[in-house]
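Order of the sequence lines sets the chain letters (A, B, ...), proteins ahead of strands, with each chain counted from 1.
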Amino acid sequence: MGNAEWGMDADRAASDSSPQSPVPSPLRLVVMGTGPFAVPMFRGLLAGRHRVLALVTRLARSSRAGVKPPPSPMRAVAEGHGLPVLDPESINTPVAREALAALAPDLFVVADYGQILSPETLAVARLGGINLHGSILPKYRGAAPINWALYHGDTETGVTVIHMTPRVDAGPIVAIARTPIDPEEDAVALEQRLAQLGAPLVSQVVDQLAAGQVESLPQDASQACGARRLRKTDGEIDWSRSAPEIKNQVRALEPWPRTSTHWLRQHATPLRVILGHVTVEARTSDSPPGTVVAASSGRLVIATGTGLLAIDQLQPAGKRMMSAGEFLNGHPVATGERFGSP
RNA sequence: CGCGGGGUGGAGCAGCCCGGUAGCUCGCGAGGCUCAUAACCUCGAGGUCACAGGUUCGAAUCCUGUCCCCGCAA
C-alpha cells in the first residue's frame with residue numbers, strides 16, 4: 001500500500017526503453033547527505049548501475065577563525081567522482097528547486113542530510129524520495145536515532161528505508177535491517193556499522209523502484225517515538241542517575257556533545273572533564289552521588305545514584321584524552337571530593 | 001581578526017603574577033627489604049623549560065612575533 005503511484009511510474013520508466021527487457025532502465029538519482037552515515041550508501045550508488053547526477057549537501061562553515069573547516073566526507077567523495085555539488089542554504093527555496101529540476105531527477109536518495117524537504121521540493125523528483133534512517137522505524141523518528149537508542153540502553157537497533165512523505169520519518173517502510181548492539185559500542189562505532197548495513201539496502205530499493213516492484217508497509221504510528229536533536233546540555237552528568245545509565249550516556253553522546261562533569265576541587269575553580277571510557281563497578285557504596293570513592297593506583301571511582309562508576313579515561317578542559325592514571329599523576333584528586341555541576 | 005586554556009626530562013602536572021643555578025606524582029635503571037609482589041626503602045639516568053627575537057649582570061619566569069594542541073562558541 002502507498003506505492004500504487006510509484007509502481008505505475010516505475011513501470012513507465014521501464015517501458016520507455018525496452019518493454020520486454022528484464023533489466024529496467026537506470027534511474028536518474030540525486031543524493032542528499034552530509035554526515036559520514038551517508039557515505040557507504042553514496043559509494044554504493046556510485047558503484048551501481050544507476051546514474052548519480054549530483055550531491056546535495058549542507059553548506060560547510062568554518063568552525064574556527066582562520067582555520068579551514070574539515071572537508072565533509074560526502075563532499076570529498078563527490079569531488080573524487082567529478083560530481084556536481086549543490087549546497088544551498090535552504091533546499092526549499094524556488095531557486096534551489098529550479099537547480100534540482102534542471103537535473104531532471106527520477107529519485108532523491110537522502111541520508112543524514114540536515115534539512116527537511118518540503119512537499120514542493122520532494123515533488124521535483126519524478127518518484128519522490130527515499131530516506132535511509134538509523135533506527136527501526138517507527139522507533140526513534142528524528143535527528144539523532146542512533147544516539148538515543150544507545151542512551152536508552154537498547155540492545156537491538158537497525159536501519160530503515162522509507163518512502164519520504166511530508167511528515168518527517170513517517171513514510172511507508174520499504175526495507176528494514178536489524179542488528180544487535182554491543183554493550184561496549186559507542187555512537188561513532190554504531191553509526192559506522194549501521195551505515196554499512198544500510199548501503200546495500202538502499203541500492204536494493206533503488207533497483208526495485210526501477211523495476212517497479214516495490215512493496216511498502218505503513219508505519220504503526222502508535223509505536224512511534226521521537227529522537228530529537230541532541231543539545232549541549234544532554235552531556236551534563238547527573239550523578240544521581242544509575243551507573244549503567246551514565247555509561248549509556250557516555251556511549252551515546254559521541255562524538256558530540258560528549259559527556260562531561262566537573263571536578264569540584266578545593267581551593268581552585270571547578271575543572272571541567274569530559275569522560276571517555278567508563279566501567280560500571282560491581283560493588284556499591286553508601287556515599288552520596290558524585291563522591292569520589294577511590295582515586296589511587298590509576299583508578300578513579302565515583303559513586304552514582306545506584307552503583308559505582310569507574311572512570312577509565314577522561315579529558316580535562318584544554319587537554320587531550322588521557323587515562324585515569326595519567327590524570328591522577330598530575331591532579332591530586334582525594335577520596336571524599338565531589339564531581340558534579342559547579 | 002569570535003572568546004578562553006595550554007606547550008617544563010618517557011607520562012601527567014607545579015613553578016611564571018613578586019626574574020637569580022628545575023620540582024612533584026608516576027614511569028624507567030641499579031641495589032635493598034620480603035616467601036613474594038603492581039607494595040615498601042635507597043641510589044641513579046634522563047630536560048634545547050614549543051620556536052625566534054628583545055629587555056636584563058642574569059629569563060621557564062618580563063616584552064614582541066611565530067608554530068602547534070585543546071575547550072567554548074557556530
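- Look at B/C72: its Watson-Crick or wobble partner, with both distances under 3.5 angstrom, is B/G2.
- Nearest-nucleotide positions on RNA chain B place A/Met322 closer to the 5' end than the other of A/Met322 and A/Ile274.
- The distance from atom CZ of A/Arg265 to atom C1' of B/A14 is 12 Å, rounded to the nearest whole Å.
- Atom pair A/His262:NE2 and B/C72:C1' shows a separation of 11 Å (rounding to whole Å applied).
- Residue A/Leu314 contributes atom CG, which lies 14 Å from atom C1' of B/G71 at whole-angstrom precision.
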Check nucleotides 6-10 of chain B for protein N or O atoms closer than 3.5 Å to its own N or O atoms and list the pairs.
from, atom 1, to, atom 2, distance (Å)
B/G6, O2', A/Lys319, NZ, 2.9

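- Salt bridge present: A/Arg320 and A/Glu326 bring a charged side-chain N and a carboxylate O closer than 4.0 Å.
- Using P as the reference atom, B/C49 and B/G9 are 9 Å apart when rounded to the nearest Å.
- Between the CG atom of A/Asn329 and the C1' atom of B/C28 there is a distance of 14 Å, rounded to whole Å.
- Put simply, A/Gln315 has a side-chain N or O that comes within less than 4.0 Å of OP1 or OP2 on B/G71.
- Here, B/C24 and B/C70 have their P atoms 31 Å apart, quoted to the whole Å.
- In summary, the side chains of A/Asp154 and A/Tyr140 do present a donor paired with an acceptor at a separation below 3.5 Å, with no hydrogens or angles considered.
- Residue pairs meeting the ring-ring contact (aromatic ring centres under 6.0 Å, His included) criterion with at least one partner in residues 177-211 of chain A, sequence neighbours excluded, are absent.
- Residues A/Ile237, A/Trp239, A/Ile246, A/Val250, A/Trp263, A/Leu271, A/Val273, A/Leu275, A/Val280, A/Val292, A/Leu300, A/Ile302, A/Leu309, A/Ile311, A/Leu314, A/Met322, A/Phe327, A/Leu328, A/Val333, A/Phe339 make up the rest of the hydrophobic cluster containing A/Val278, defined by ILVMFWY side-chain heavy atoms closer than 4.5 Å, directly or through other members.
- Only the P atoms considered, B/C1 is 33 Å distant from B/U55, to the nearest whole Å.
- With P as the reference atom, B/G10 and B/G47 are 8 Å apart, rounded to whole Å.
- As rounded to the nearest Å, B/G58 and B/U21 have C1' atoms that lie 10 Å from one another.
- Partner assigned to B/C18 is none, using Watson-Crick or G-U wobble distances below 3.5 angstrom.
- Atom CG in A/Leu300 sits roughly 15 Å away from atom C1' in B/U25 (whole-Å rounding).
- Within 6.0 Å of CZ on A/Arg43 lie no more than 12 heavy atoms contributed by other residues, nucleotides or ligands.
- Summarising the local packing, CG of A/Asp286 is surrounded by 12 or fewer heavy atoms from other residues, nucleotides or ligands at distances under 6.0 Å.
- The distance from atom CH2 of A/Trp263 to atom C1' of B/G12 is 12 Å, rounded to the nearest whole Å.
- Heavy atoms of A/Arg299 sit nowhere under 4.0 angstrom from any nucleic acid atom.
- To the nearest whole angstrom, the two C1' atoms, one in B/A60 and one in B/G19, are 10 Å apart.
- A salt bridge links A/Asp106 to A/Arg126: at least one charged side-chain nitrogen sits closer than 4.0 Å to a carboxylate oxygen.
- OP1 and OP2 of B/C70 both lie 4.0 Å or more from every side-chain N or O belonging to A/Arg272.
- For B/G31, the paired base is B/C41 (Watson-Crick or G-U wobble, both distances below 3.5 Å).
- If you measure from atom CE of A/Met321 to atom P of B/G12, you get 14 Å, rounded to the nearest angstrom.
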Apply the test side chain to side chain contact (heavy atoms under 4.5 Å, CB included) to residues A/Ile181 and A/Thr155: give CA-CA distance (whole Å), side-chain angles for both, the deciding distance (0.1 Å), then the verdict.
CA-CA 5 Å; A/Ile181 300 177; A/Thr155 54; 5.5 Å; no
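- A salt bridge links A/Asp234 and A/Arg228; the closest N-O separation between the charged side-chain nitrogens and carboxylate oxygens is under 4.0 Å.
- Atom CG of A/Leu271 and atom C1' of B/G12 are 13 Å apart (whole Å).
- For the C1' atoms, the distance linking B/G23 with B/G15 amounts to 7 Å, nearest Å.
- Taking the P atoms as reference points, B/U34 lies 24 Å from B/C26, given to the whole Å.
- Proximity of A/Arg320 to the phosphate of B/G71: no side-chain N or O atom is located under 4.0 Å from OP1 or OP2.
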